[in-house]
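Reading through the structure tokens given below for one structure.
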4 protein chains.
Amino acid sequence: MTAAAQTEYPRRIRIGMVGGGEGAFIGAVHRIALRLDDQYELVAGALSSTPERALRSGAALGLDPNRTYATYEEMAKREARRKDGIEAVAIVTPNNMHVGPALAFLKAGIHVICDKPLSTSLKEGNKLLSAVAASGKIFALTHNYTGYPLVRQARAMVAASALGEIRVLQVEYPQDWLSEDLESTGQKQAAWRTDPARSGAGGAIGDIGTHAYNLADFILGIPAVQISAELTSFVPGRRLDDNCQISLRYANGARGTIWVSQVCPGQENGLKIRIFGSKGALEWVQANPNVMTFSKLGQPPQTLTRGGPGTLPASARMSRIPAGHPEGYLEGFANIYSEIALAIRAARDGSPLDPAVMFPSLQDGLKGMAFIETAVASSKKDGKWLDLPR
Amino acid sequence: MTAAAQTEYPRRIRIGMVGGGEGAFIGAVHRIALRLDDQYELVAGALSSTPERALRSGAALGLDPNRTYATYEEMAKREARRKDGIEAVAIVTPNNMHVGPALAFLKAGIHVICDKPLSTSLKEGNKLLSAVAASGKIFALTHNYTGYPLVRQARAMVAASALGEIRVLQVEYPQDWLSEDLESTGQKQAAWRTDPARSGAGGAIGDIGTHAYNLADFILGIPAVQISAELTSFVPGRRLDDNCQISLRYANGARGTIWVSQVCPGQENGLKIRIFGSKGALEWVQANPNVMTFSKLGQPPQTLTRGGPGTLPASARMSRIPAGHPEGYLEGFANIYSEIALAIRAARDGSPLDPAVMFPSLQDGLKGMAFIETAVASSKKDGKWLDLPR
Amino acid sequence: MTAAAQTEYPRRIRIGMVGGGEGAFIGAVHRIALRLDDQYELVAGALSSTPERALRSGAALGLDPNRTYATYEEMAKREARRKDGIEAVAIVTPNNMHVGPALAFLKAGIHVICDKPLSTSLKEGNKLLSAVAASGKIFALTHNYTGYPLVRQARAMVAASALGEIRVLQVEYPQDWLSEDLESTGQKQAAWRTDPARSGAGGAIGDIGTHAYNLADFILGIPAVQISAELTSFVPGRRLDDNCQISLRYANGARGTIWVSQVCPGQENGLKIRIFGSKGALEWVQANPNVMTFSKLGQPPQTLTRGGPGTLPASARMSRIPAGHPEGYLEGFANIYSEIALAIRAARDGSPLDPAVMFPSLQDGLKGMAFIETAVASSKKDGKWLDLPR
Amino acid sequence: MTAAAQTEYPRRIRIGMVGGGEGAFIGAVHRIALRLDDQYELVAGALSSTPERALRSGAALGLDPNRTYATYEEMAKREARRKDGIEAVAIVTPNNMHVGPALAFLKAGIHVICDKPLSTSLKEGNKLLSAVAASGKIFALTHNYTGYPLVRQARAMVAASALGEIRVLQVEYPQDWLSEDLESTGQKQAAWRTDPARSGAGGAIGDIGTHAYNLADFILGIPAVQISAELTSFVPGRRLDDNCQISLRYANGARGTIWVSQVCPGQENGLKIRIFGSKGALEWVQANPNVMTFSKLGQPPQTLTRGGPGTLPASARMSRIPAGHPEGYLEGFANIYSEIALAIRAARDGSPLDPAVMFPSLQDGLKGMAFIETAVASSKKDGKWLDLPR
């Protein structure tokens, strides 16, 4: 049972949503995630930039028409004034529409849960630094893969030196959905993700490379200090990268590779991470997330399962059902929401936050933007090793 | 996007729960399942047979104390009188507490969603036949494994003769959690499942054998006509079977084996089904439910994925997120709830029910009871082939 | 390095072959197997029942034309007279041509290595009992699957009680090559295997069921005492079984299932064994024979590899190359030959035989015949449990 | 049945061996490989640089003491004079002892089969260019992984454009055996492989990186034109690299990554290759070499098996036994030997060589040396992209 879900808390957190109207993908995912552990109640929305669509989308979700707004600015302003106004907002728009709404809601004293990557540029993302500090509000980023129970297990094992000194990291994240020129067909998801104006300087590296990098960073807890990148665009006419090979140097001397691609036939969503230390190794594959291989040097590899023998508390608290009953992507996503809920409740009550609670923060978002920009710069300089800003 | 979820319908179905209080396992699963697609709102409960516990459990869930009842009888009576009374009830108690509540709620004009197996005996289960007919209400059984998208895919493929004439069925469902005498330690789940008074005549065969049998029945759509069984109890002192080998003969001449066990170290929840026909075969494993192997005779086996190439409409409507983003047990369970929701809404509105909607019914429950009793009888007769009642 | 291969012994054992001429399958396998560890030299043959073909086949193999015989009787007689005559013979004919040649060579004082199953009936096989005893020669049966290093590992682990008390056995051996009426097309392998005159009373159960049963018997070391069988023939016109479901009761109370089939699309040669005891379990799949899963109750499953951590001496002596470099079917087959070679050399030298040496014997062959006949009888009696002769 | 084995040719090729005496690993592998298809007869050897050991090793193999030589020079000279002298020699010594023997035997008119990598430097390897040309003899390199049937299948599929235009290559080859300072323990294999004097400038990149590169080159048939490398040595005191990350640019614009490592716990011999084209992809893993995944864009991935449906002639001719009966490393190695045997026989008979015959050549060896040296140079220049010599 997840820590949040253990007390299916009577008073749900009132939340609103920016984006996620008709035709959107990730908005529906956020709504399931916020609902799954019964921690939130969706009560307001600025669901589309088209007013008519915004209203229709709100109605479909059963929102009060008075709380279905045409713009996020209006929503921030009016919700802030309500006694029963939203306590948090989920921003699920394309990248270029993250920072504006975030600033508005923070200013209105409302916690922000923002989809990744943070922004279209590091510079733009940095605007949030002082805003978050000034607001005293929570800013969370939905790098949902860190919500998987076995990812938490991996992090706890690395922290406990179960692998010894970390030496080698291998992360890969191939997909196939952009193997052809999908953006020219009018497919909405493809269109904005390959458009520099809406996505920023990174294509695949922004869309999924930041996930890969964040996942590695979360598990390792060791800073990457330099990267060398080779970004390629294979599909004729594509304006952003669709295949990225990145080498990493870590502060402790470890070396790593991140490979992300969206032109790999047969790869649906192939996020995989392997970590090798002086005494052991871990391997986890997102598509079958309830198992993880743990190899101690000189011993037979073990298959750890979510909730099975050897489960650490950090993993157990992210899990709802017994081992052998697979949990998946939505549960991992919900875990991020439920972790944030614990933080919001602690803030609400002025109570101390359980130190076990973890969710991606503004810092993680800024690291992701730095990763994108450094990779793009390195690739332009023919793979020159460049320092990652700290 | 699931068919139900497509219209995140504004007016949720009001639902109550019998059982599922503190210390229960499956109750929490039902609550997540009913919440996931936003089709239901839990508003009442008789959550425990101990009144104090019932109240405490209701409070923990944020239920109105006036709608937290000490007994299911009281709940049925009083909810039936309320204008905003529950439209449906979920019964999540041990087997011996299914039929009583079901009769009470049906009589009160409330739809019933009941955990499996149906009852402690076929005779007891049969009492529901006339009650359901008389009530005109929906009676659904949560054989949740039929809610997995690829199980729907399998059924549709078999129905479309993609496998040719069915010849051989192999179902297995090994677990390890009863490898030792857990029931003597006071573990609640083990205690009632190994107690004939609460479980009925079947141990493993009732708890998981009925799932295996129902899954095969659902996919094949061909009646099993005879079975021969060997039921064994390995753990000293155990009063019910913990390992069952069952041979099946099907109406079309196909042969099958169902093996279920709860004494298999390393097997967490190993439900697996394989179906071989004259032209092709399917294999699906519950622990990694987003892939299924399809082998056409004389061609390389194909790996079908949930939502991937070749997905049929019957499977697509059970799915929320793109291929490669794993859905799991809770989503499958939620699919059953969301299918039932469509039926309840159709009943509510007097509108015709989409013929694509499917969920396990009273008939399935009675088939399960007949399966248990026939297997127990065959085993007592040294494996004699016995007819399954039709 | 295999025990035999460790001393790539200078003086090879002179061997002859009966059967295995043009168009045969298993003959070529035996030849590779005898050659692999350099323990044998093929010097004579009665390779076909057609004299012309026998000569041509011998020439193709580079045999001395004087030692290419038209009949096995002639070969036995003349080789026995030669100073450099064969010391052993490999009999690789269809089942109905095993016992005759075996008797002839034993009588001639020549060791016999015979393909499986032993004969077309138990009665016929029993003729060998006194002949072998009288000859003082080795009689070995090529149940080659017991030559796999990890099968040896499994046997040693069971013997060392690593699994506790054995409770449940699951063996399966599906194939697809007889899914259609191949025997009517003139395909030689299919023709004799589905012909009672050449195969005996068992089809799939004789061809692969005996492998499955022998494998279980080898690993468990516990006698099966009763079986109940359901044999079916799915392909119209087929005269022998092509799908067999067998339940087993073991002397210690364990229960088992053997399922073999030759009508399962997508299954090339799917031999798999799982053994569950009170403290642990093993799983091994022939198609990927260099790994085996070992699950201790309450611990994460371990992946044992051929030659990897935890390898026992009984397994190590069957292995030639380091872990991670896959060995396969031919190496397993060669292991049987090399074990026999050690026995032949010990007999030749009058030296004691290393007690670690193991290969299938006449007793194993007779057990296999008893298994076939009891299964056929049980199936005819509608699955009645019948005692296996001891 | 392999093409060579099809005619288990009566007259075997007489072969000698340099190296491979007591304590060696790869020598025994070569001997099994040459024996497996009955194409060669080992008749002479200079098995060790220690004369006494050479004699003892020869005796253990049953070699004629007169043909057990103390030095390769003597062996080349004296075998060349014999009427029944060796026709070919296998050189299985450490890298620094390849070129010397090769020159001697070529000069003596004897075909050379040499272990990989070719030499300790490209310059040294280049000495063979004129020697081979002058001799008119065959020079073959045992990059054995190209002998796997499914690797041949992959090459044929790529050549037939089954994958469309190649875009992305991913090769990895992790091992764990050098995770600790094994070379200091006196382990012979570790000692020479980490010694620049005997291995050359590359550690892991020479030992296994050349395999990975050769495998990619063999399958793709597209020249790599530039590489960027990051070579690391993790184990304190180690003098050569034990982890290598290499990026590749191909002539057609494809991009690739080769990662090899010998410090990865749990990785026994993890060679894996993935190739992604505009229309499809292939994935093959050496540890389970009888299956390969083929994904056509927009279709369910297929599992190709060695000898199974879809097998192309180029693969079928490398295979001995039916699908489902696993072949492994030794069979793949034997395939290289049997291919070479066909070339030697064609040379012997003056007959044309079947164009299907393929085995690694001197050119492949030189490419491998260039790969090592360019990678080492790039790594020293902080990953600068360097041209591979053509």
Side-chain angles (χ1 to χ4, degrees), chain B residues 148-158 160-164 168 170 272-285 288-316 318-319 321-327, chain D residues 148-158 160-164 168 170 272-285 288-316 318-319 321-327:
Chain B
Y148 274 110
L150 285 176
V151 169
R152 300 281 171 130
Q153 173 90 8
R155 179 186 159 100
M157 290 177 73
V158 169
S161 295
L163 278 59
V168 179
Q170 289 283 323
K272 173 176 170 177
I273 185 163
R274 288 176 287 179
I275 303 157
F276 301 95
S278 56
K279 299 193 301 188
L282 287 174
E283 173 173 335
W284 180 79
V285 175
N288 189 13
N290 297 284
V291 296
M292 180 164 65
T293 305
F294 173 41
S295 302
K296 287 192 216 182
L297 186 62
Q299 297 189 20
Q302 299 176 21
T303 302
L304 307 181
T305 57
R306 183 193 53 74
T311 300
L312 298 173
S315 176
M318 293 288 105
S319 193
I321 44 178
H325 301 72
E327 295 195 55
Chain D
Y148 274 110
L150 284 176
V151 169
R152 300 283 171 127
Q153 174 89 9
R155 179 185 159 100
M157 290 176 72
V158 169
S161 295
L163 279 59
V168 179
Q170 289 283 323
K272 175 176 170 177
I273 185 164
R274 288 176 287 179
I275 304 156
F276 301 94
S278 56
K279 297 193 302 186
L282 285 174
E283 172 172 337
W284 179 80
V285 175
N288 188 14
N290 297 283
V291 296
M292 179 164 66
T293 304
F294 173 41
S295 302
K296 287 193 215 180
L297 186 61
Q299 297 189 19
Q302 299 176 19
T303 303
L304 306 181
T305 57
R306 183 193 54 75
T311 300
L312 298 173
S315 177
M318 293 287 106
S319 193
I321 44 177
H325 301 73
E327 294 195 56

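Note on naming: letters A, B, ... go to the chains in the order of the sequence lines (proteins, then strands), and numbering restarts at 1 for each one. Side chains included, hydrogens not; waters and symmetry mates left out as well; all remaining heavy atoms used.
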(request) First locate atom CG of D:Leu312, then atom CE of D:Met318, and finally report the distance between them rounded to the nearest 0.5 Å. (result)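 Nearest 0.5 Å value for the CG-CE distance: 13.0 Å.
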(request) Verify side chain to side chain contact (heavy atoms under 4.5 Å, CB included) between B:Val291 and B:Leu304, making sure each step is shown before the conclusion. (result) CA-CA 6 Å; B:Val291 296; B:Leu304 307 181; over 6 Å; no
(request) State, to 0.1 Å, how close D:Pro309 and B:Gly298 come at their nearest heavy-atom pair, and which atoms those are. (result)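 Nearest heavy atoms, D:Pro309 then B:Gly298: CB-O, 3.3 Å.
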(request) Might you point out which heavy atoms bring B:Ala323 and B:Gly308 nearest each other, and give the distance in Å? (result)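 Looking at all heavy atoms of both residues, the closest pair is CB-N, 3.8 Å.
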Put together the list of donor-acceptor pairs under 3.5 Å connecting chain B with chain D, please.
unit_1, atom_1, unit_2, atom_2, d
B:Pro301, O, D:Thr303, N, 2.8
B:Thr303, N, D:Pro301, O, 2.8

(request) Would you please test B:Leu163 and B:Phe294 for side chain to side chain contact (heavy atoms under 4.5 Å, CB included) and show each step? (result) CA-CA 9 Å; B:Leu163 278 59; B:Phe294 173 41; 4.1 Å; yes
